[in-house]
Number of protein chains: 2
Amino acid sequence: MPSIKDVADIAGVSTATVSRVLADKPHVRPQVRERVLAAVESLNYRPNLVARSLRVQKSNKIGLIVADIQNPFFTSVSRAVEDLAYQHELSVFLCNTDENPEKEDIYLDLMQDENVAGVIIAPTRQTASAFTEAIKLDLPMVIIDRRLPGVGIDSVLIDNVDASYRLTEHLIADGHRRIAAMFGMDSVTGSQRYQGYAQALKDHDLQPSSDLVIHVNAREEEGYQAAKQLLNRTQPPDAILTSNGLLSVGAFRALHESKVAIPDEIGFASFDETGWTTLVDPPITIIEQPTYEIGQAATELLLKRIETPARPAREIILKANLVVRNSCARH
Amino acid sequence: MPSIKDVADIAGVSTATVSRVLADKPHVRPQVRERVLAAVESLNYRPNLVARSLRVQKSNKIGLIVADIQNPFFTSVSRAVEDLAYQHELSVFLCNTDENPEKEDIYLDLMQDENVAGVIIAPTRQTASAFTEAIKLDLPMVIIDRRLPGVGIDSVLIDNVDASYRLTEHLIADGHRRIAAMFGMDSVTGSQRYQGYAQALKDHDLQPSSDLVIHVNAREEEGYQAAKQLLNRTQPPDAILTSNGLLSVGAFRALHESKVAIPDEIGFASFDETGWTTLVDPPITIIEQPTYEIGQAATELLLKRIETPARPAREIILKANLVVRNSCARH
DNA sequence: AGTCTTGCTGCAAACGATTACAATATTTTT
DNA sequence: AAAAATATTGTAATCGTTTGCAGCAAGACT
């Protein structure tokens, strides 16, 4: 691998001049610039990013730390972040915490050690206090997907209360009354979605009965079990709402297996567009999160933060989309 | 951020000694080691990876370059690579080429500029000659998913001919005769799968008729259109085989929309376990690729290559799994 | 006691860029 | 034509590590 020194030698100038040419700085004769460029060409020289990063104490990388890379929500967000980063000539370092706080710490440290310009993160921690370690790193940072109350950090979130409210209201409008719902445990997102659900019921003079509300870990198997259990009750619910893509798969599988008719015997509505919702019978009514927009907004926010580290933190809240299909309205 | 110099000052030693302690090298008095460790602790010192990487001319990062991060096949592979890397204290730099050779080049260069220890890549190029740019970088490298004939590079692949043969044979065994099939265009993978399909037909005294074989780009929309077109023929096929997850979604959507009964009116079988295949009616018979094993094997191969750059290249070929469900056998 | 190991530690030179600053050359101004 | 301003280029320090080499102390051997 040729270094800047080699280029300088061939062009018959100093490394400083080469550096200036490459950085498009003024104060270099056109003739000399030519020579340098020719030398660069002939050697197929590429500047060493590690050395540059060491010298200028920053880099053109950003980190993207997500909780689960197999979750379509995150891959779609990643896609957006990647696209924007590419446009700005940044590269992205994608990490997967697996919802594991320990891994999260390791990756956060790594980001700092790698001199990244900034980080976009979907934190596994649910409270600001548990996240202080990360905050004090003072890296440009933006949080996505999970609200961390009280930390003064740029965030891009969706309006979970609203989304859940509308989904619930939709079920109510279709005549469902005993609406069971599953929410992710120990997550702000989950509790916000519960809130919207409960509010919608109240606003329509329905009592949120505690035996219809289920809090579980957001895993397919748990969604399956919970749905099974609901169906086996002496008085099963009119409808089931699931607040997360993984729970949805599990719940749907249970309904499907039990051969209960959707929507005539039981209504079904859920969160997240996951690719299968239009293929099954009936197509599922869902809340679609604007994943690409989330990634975009997060990247833009991060770029601004990098540019102006002192600017006041901003919280961007996007509305989700209710996509009505045929899993709610009885015939 | 404290540097090794700060640690050295506090511990009252030279930076060389600190470095030796941190690298667990011999020749340092236990007492001194103690002092250094204490200083490290008190300052919360973390070595600067960029500086280290510059000095030793390598790093603990590996690159993973995939074609489409939204494809479950690749996310699953990534997951495996990540797990193994994590165990070996490596971090992974995940890049998305979007099947774009230009992006591929950029990322490949970036990998080199970042001093990564090695790269795992699913090349977008279909021929070795188009890939020479990459090869001459002489980075430790392993290729996954797509066979690049004639390059002497470690690869882990699945036996596409065999997989496709078995899937076709399965359809034949279930009584289908006029079996249409869609293959990805311009890809070795696609043509291997075609090969297996054609061979299976021949071995069962069936003629592979050219009007039943469709070569398209591996996109959902093209699968949809192709399937529509097949169904609208005066003499539609007995069965459809799709050789790729995206084509499958499209084709299935078309079948579903046309309300043609699977498998009684038409058989359906496809590649890739994509999450929806068991949720639809009927569940789809598929070839399941051992994605996790692919990622594992690739990482192991890469680690060995890094350790012994001169070892002979190896090609690991994994068999895929035929998962029989209810989309082929007529009642 | 003198010489040889051996163990411990520090000095200083890398790694490959960027960038103050100084030095020189060129142009403009008076 | 001299002085001042400006443009061009080079020198050398710097970023934070690692590591070859040398120095020195202490113990082992003759």
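The model shown is predicted, which means the values in this text are computed figures rather than measured ones. Labels below follow one simple rule: chain letters A, B, ... track the order of the sequence lines, proteins then strands, and each chain is numbered from 1.
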Inset, instruction - Report yes or no: does A:D98 contribute a side-chain atom to a donor-acceptor pair with the main-chain N or O of A:N100 at less than 3.5 Å? - result: no

Legend entry - Note: A:E34-A:R29 ion pair, threshold 4.0 Å (strictly below): no

Inset, instruction - Would you please classify the geometry between the B:F93 ring and the A:F93 ring as parallel, tilted or perpendicular, with 30° and 60° separating the classes? - result: parallel

Inset, instruction - Identify whether any heavy atom of B:R29 sits under 4.0 Å from a base atom; if not, whether one sits that close to sugar-phosphate; answer base, sugar-phosphate or nothing. - result: sugar-phosphate

Inset, instruction - Quick one: label B:R46 by what it contacts on the DNA or RNA (base, sugar-phosphate, nothing), any heavy atom closer than 4.0 Å. - result: sugar-phosphate

Legend entry - For atom CZ of A:R52 and atom C1' of C:dC15, their distance in whole Å: 16 Å

Inset, instruction - Using a heavy-atom cut-off of under 4.0 Å over every strand shown, decide if B:P26 touches base, sugar-phosphate, or nothing. - result: nothing

Inset, instruction - Identify the heavy atoms of A:S59 and A:V116 that sit nearest to each other, and give their distance. - result: OG-CA, 3.6 Å

Inset, instruction - Tell me what A:V50 touches on the nucleic acid: a base, only sugar-phosphate, or nothing, going by heavy atoms under 4.0 Å. - result: nothing

Legend entry - Terminal contacting nucleotides, 5' and 3', DNA chain D versus chain A (heavy atom, 4.0 Å): D:dA7 to D:dG16

Inset, instruction - May I ask you to check whether over 12 heavy atoms, not counting those of A:R125, lie within 6.0 Å of atom CZ? - result: yes

Legend entry - B:T17 vs C:dG10: side-chain N/O to OP1/OP2 distance below 4.0 Å: yes

Legend entry - Nearest-nucleotide 5' precedence on DNA chain C, B:A16 against A:M1: B:A16

Inset, instruction - On DNA chain C, check which nucleotide each of B:H27 and B:R55 is closest to and give me the residue with the more 5' one. - result: B:H27

Inset, instruction - Determine, for A:R314 against A:D154, whether the closest basic-nitrogen to carboxylate-oxygen distance falls under 4.0 angstrom. - result: no

Inset, instruction - Under 4.0 Å between any heavy atoms, over every strand shown, what does A:K25 touch: base, sugar-phosphate, or nothing? Just pick one. - result: sugar-phosphate

